[in-house]
2 protein chains.
Amino acid sequence: MLSAGLPQGTVPKLERPGPLRERVYEALLELITTRALRPGQHLVESELAGHLGVSRQPVREALQRLNTEGWVDLRPAQGAFVHEPTEEEADQLLTVRTLLEAEAARLAAANAGSAGIAALEELCTKGESAVADGDVDLVVATNAAFHTKVMELAGNVVLAELAGQVDRRVRWYYTPVARQRGMQSWIEHRRLIAAIAARDEARATEVMRAHTEHTRKTYHEREAG
Amino acid sequence: MLSAGLPQGTVPKLERPGPLRERVYEALLELITTRALRPGQHLVESELAGHLGVSRQPVREALQRLNTEGWVDLRPAQGAFVHEPTEEEADQLLTVRTLLEAEAARLAAANAGSAGIAALEELCTKGESAVADGDVDLVVATNAAFHTKVMELAGNVVLAELAGQVDRRVRWYYTPVARQRGMQSWIEHRRLIAAIAARDEARATEVMRAHTEHTRKTYHEREAG
DNA sequence: GAATTGGCTTTTGTCTACAGTTTACCGAGC
DNA sequence: GCTCGGTAAACTGTAGACAAAAGCCAATTC
């Protein structure tokens, strides 16, 4: 057997360019989330293709995927439009997110090992110092990483995939809000870690639920403001 | 105004063929769920195209969508393969389904009107008589309709969309099981309706949770059998 | 003056063709 | 007899071209 003689990691998978549609997909998603492409905007295939230096086909395939994931609306014989979030939809999305994240917290409490908990604490520390430095982008990124890590510790791939989709869309809707919730968020994260470390499923669920619900509350206050 | 002079219904929407990719998508999904295309099977684009009488492009787009929804795995430069469910994944999928359905039940209890409850009872009656007649296909279909109706009453579109995906995959994995759970399932449905009618969110959640968990249990017993 | 109809432009939907990769098979060499 | 190298076939990835549908604007008619 050949593989026995190969040390792990010496073959770094020699990264290939990968399918164009993937890169187009990521490029478009980036443009949408950064609001370079604004909600309601008509996405013309030939324009995008020319702008990205590829043909229409990869663009089409990327748009298809963005459509199934809810980022663009694909009106037949008319083209693709960046999805416009409604208040109602945003609220429903948050409801679902709360549900998924809370379950993830419960599973994490049930399954997480000490290594995982250590990783969470590390992320938490990183996030807190980012808050202290006022590095907003890093705060947001670390926050996402923290939630992703909790998902990973939950050990449910299906759940993780769904939550990944939902989370990303939530972050898109709520970017203004996310930037406000600085330090308080990380205090709650600490409490979540404690619950997970204590293997207390019920408490982990509840802390996470309160955490995400807090986000929604902040959002609705924004309207009033 | 012209439309005033036109009786309703005389123009029956003049159903358009609709985009080819849609029909190809549905055709393939049908073939997969009915096991005409079996897990692990290599789907060759040109073959499918020829078989369906279209070109490769619509087939590709359909495969893309099936990929993002988890029905096929799209290995780069190698093609599409019908997804092979693992035991672990099936279990995780059921966990998620339980979660989503339970939440739907809670929301339905909170929001449903008397009309909705009547609709549920009607479906329930239909399902019970189907069981009595031994019409297995109708039982399965009515069961799906019942869950869909609960989702609809919950009034959360995002949740409904996610649950729709998950449910369909669960049904694919568990078709043998679903055919066994005949009458018992509908008894539980009755209890769910009662909880919803009573506006008892907690009880509705719990009944639905028990209901879907029961499905999982039946599945694992199948292994032992 | 307003509504409608006709043609024109733009954009999508589909098909065909070509290039790049991977896989499998077959033969030669050790 | 087994392994390695080369060759060929098949399939995917991408590009370009054509046809159909939708939207828009102007001309025309009541």
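Below, read A as the first sequence line, B as the second, and so on, with proteins coming before strands; counting in each chain starts at 1. Remember, predicted model here, so these are calculated numbers, not experimental data.
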Separation of D:dC11 atom P from B:Leu63 atom CG, nearest Å, is 14 Å
When rounded to whole Å, the CD to C1' distance for the pair B:Gln78 and C:dA24 reads 13 Å
Rounded to whole Å, CZ of A:Arg23 lies from P of D:dT14 at a distance of 8 Å
Practice problem: Might you confirm whether atom CD of A:Gln78 has over 12 heavy atoms from other residues, nucleotides or ligands at distances under 6.0 Å? | Solution: yes
The complete set of salt bridge (charged side-chain N to carboxylate O under 4.0 Å, His left out) pairs with one or both residues in residues 114-124 of chain A, sequence neighbours excluded, reads none
B:Leu74 atom CG is separated from D:dG13 atom P, nearest whole Å, by 6 Å
- Just checking A:Gln57: base, sugar-phosphate only, or nothing, at a heavy-atom cut-off of under 4.0 Å? base
| query | A:Leu63 versus A:Asn67: any side-chain heavy-atom pair under 4.5 Å? | reply | no
Working for side chain to side chain contact (heavy atoms under 4.5 Å, CB included), residues A:Glu61 and A:Tyr25: CA-CA 8 Å; A:Glu61 296 183 354; A:Tyr25 165 79; over 6 Å; no
Interface polar pairs with nucleotides 17-20 of chain D, N/O, under 3.5 angstrom:
none

Within residues 36-47 of chain A, the residues having a heavy atom closer than 4.0 Å to DNA chain C are A:His42, A:Leu43, A:Val44, A:Glu45
Discussion item. Taking any heavy-atom pair under 4.0 Å as a contact, classify B:Arg60: base, sugar-phosphate, or nothing.
Written reply: base
note: A:Leu20, atom CG; C:dA19, atom P; distance rounded to Å ~ 17 Å
note: A:Tyr25, atom OH; D:dG13, atom P; distance rounded to Å ~ 17 Å
N-O pairing of A:Glu26 and A:Arg23 below 4.0 Å: no
Any side-chain to backbone donor/acceptor pair from A:Asn156 onto A:Val158? Under 3.5 Å, distance only.
yes
Separation of C:dT12 atom C1' from B:Glu22 atom CD, nearest Å, is 15 Å
For this session: In plain terms, say whether A:Glu152 and A:Lys149 are close enough for a salt bridge, that is, a side-chain N and a carboxylate O under 4.0 Å apart.
Result: yes
Rounded to whole Å, CG of B:Asp73 lies from C1' of D:dT12 at a distance of 16 Å
query: Given the rule in the side chain to side chain donor-acceptor pair (under 3.5 Å) test, do A:Thr95 and A:Arg216 qualify, once you have shown the distances and angles that lead to the verdict?
result: CA-CA 9 Å; A:Thr95 302; A:Arg216 165 200 257 144; 2.6 Å; yes
_A:Leu43 and A:Val59, any side-chain heavy atoms less than 4.5 Å apart_ = no
